[in-house]
Number of protein chains: 2
Amino acid sequence: MNEKVTIDFETLNSDLVDVFNNVMWIEEAALKQSYFSDITLKDMHTIDAISMYSEKSASQVAKIIHLTPSAMTTAIDKLVEKGYIERRRSNTDRRVVRLGLTHKGRVVYRAHQGFHRDLTHNLLRDMQPTEIEVVQRAIHNLVRYLANVIKH
Amino acid sequence: MNEKVTIDFETLNSDLVDVFNNVMWIEEAALKQSYFSDITLKDMHTIDAISMYSEKSASQVAKIIHLTPSAMTTAIDKLVEKGYIERRRSNTDRRVVRLGLTHKGRVVYRAHQGFHRDLTHNLLRDMQPTEIEVVQRAIHNLVRYLANVIKH
DNA sequence: ATGGTTTATTTCGATAGTCAAACTAAATAT
DNA sequence: ATATTTAGTTTGACTATCGAAATAAACCAT
């Protein structure tokens, strides 16, 4: 005898809306309560885009987080002043600014990664290996769909 | 013989991060290209919080979208001026402002719901009923986890 | 009923984030 | 050499947000 399977699109939809509407805010609030209360979630995303070992240029980072170059400049100024990131002029092309995380920057970066890992762990709570595979497939569907939306 | 099931936590995690980082921005960009280019995503969330049949007060809406009362007032001003929402003073308590969507407001509200429905449909692309049930469970895990984080 | 307190919203002043346009400096092409 | 392109910065205007003070209505205890 089969278990009854309830498919409730509306519930799932509203759960999903709920997650999207709340994640950002929770992330922001968590940050404010933490040891790193001097940066906003947007700052965090800048740090995240620079990431650990990359040495990306200012304009590359700007593109990733969808900021204009001018806004990027002031965002960098602020994070440099607070000691999270470093500006290094490239040796090979002295127009470009290479960005790197300071020690402090690497610490928040890892903390933030921890937050996301918690999210993933909780998404998978009480799931069997085969079920985990299903969830992975679903999320990856979403990634591809969004990637598709981006290129018109 | 079993299919090999690959469990790759890191891939799922980075997919999830990808989704969170991009959804908001895509939503914002979609709005800007649409017929309703005169409102931002935050405005959209205000409209969403007011929603169809509720008649919520200004402070209730402020709480939902995590805005201070003063910021709420100016947000409402703007949306009233643009013709998306209406201010109605309550009859039973003349201090409270009841908010409602205008016709135009209801139109964007439905369009926005459509966006979220597309997201949900794409999350579930090519899923069997039993698999859909798994995805529902996973997302609901996340909702509960986030709800839990909110209350400390 | 009246005075004091609480509640809901608004107004005001200050601050921060954003963009577009103009600008500087460096690299590349003609 | 000179012009063009590219990377980043500066500037000025605009918008969103907050906190504090103001307003106004409702509630409550006498």
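The chains referred to below are lettered A, B, ... by the order of the sequence lines, with proteins before strands, and numbering in each begins at 1.
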Does one side chain, of A/N91 or A/R94, offer a donor that lies under 3.5 Å from an acceptor on the other?
-> no

NZ/NE/NH1/NH2 to OD/OE distance under 4.0 Å, B/E28 and B/K42 |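 So B/E28 does not pair with B/K42 through a salt bridge.
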
Nearest of D/dG8, D/dT10, C/dT10 to any side-chain atom of B/T73?
->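 Selected nucleotide: C/dT10.
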
Approximate separation, where rounding is to 0.5 Å, of [X] [atom1] and [Y] [atom2]:
X      : Y      : atom1 : atom2 : result
A/L123 : B/L12  : CG    : CG    : 6.0 Å
A/T102 : A/Y84  : OG1   : OH    : 8.5 Å
A/H116 : A/E27  : NE2   : CD    : 4.0 Å
B/I26  : A/L146 : CD1   : CG    : 4.0 Å

From B/V19, B/V17, B/L16, residue fulfilling side chain to side chain contact (heavy atoms under 4.5 Å, CB included) relative to A/V143 = B/V19

Are more than 12 heavy atoms from other residues, nucleotides or ligands located less than 6.0 Å from atom CD of B/E10?
-> yes

Using a 4.0 Å cut-off on protein heavy atoms (strictly under), produce a 5'-to-3' string for nucleotides 13-19 of chain D with B for base contact, S for backbone-only sugar-phosphate contact, and - for none.
-> ---SBBB

Nucleotide by nucleotide, nucleotides 22-30 of chain C touches protein heavy atoms under 4.0 Å in the pattern (B base, S sugar-phosphate only, - none) ----BS---

Would you classify B/R98 as touching base, sugar-phosphate or nothing, given that sugar-phosphate means primed atoms plus P, OP1 and OP2, and contacts are heavy atoms under 4.0 Å?
->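 Nothing, no nucleic acid heavy atom in range.
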
Output yes when at least one side-chain N/O atom of B/S59 is less than 4.0 Å from OP1 or OP2 of C/dA8, else no.
->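 For C/dA8, neither OP1 nor OP2 has a side-chain N or O of B/S59 closer than 4.0 Å.
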
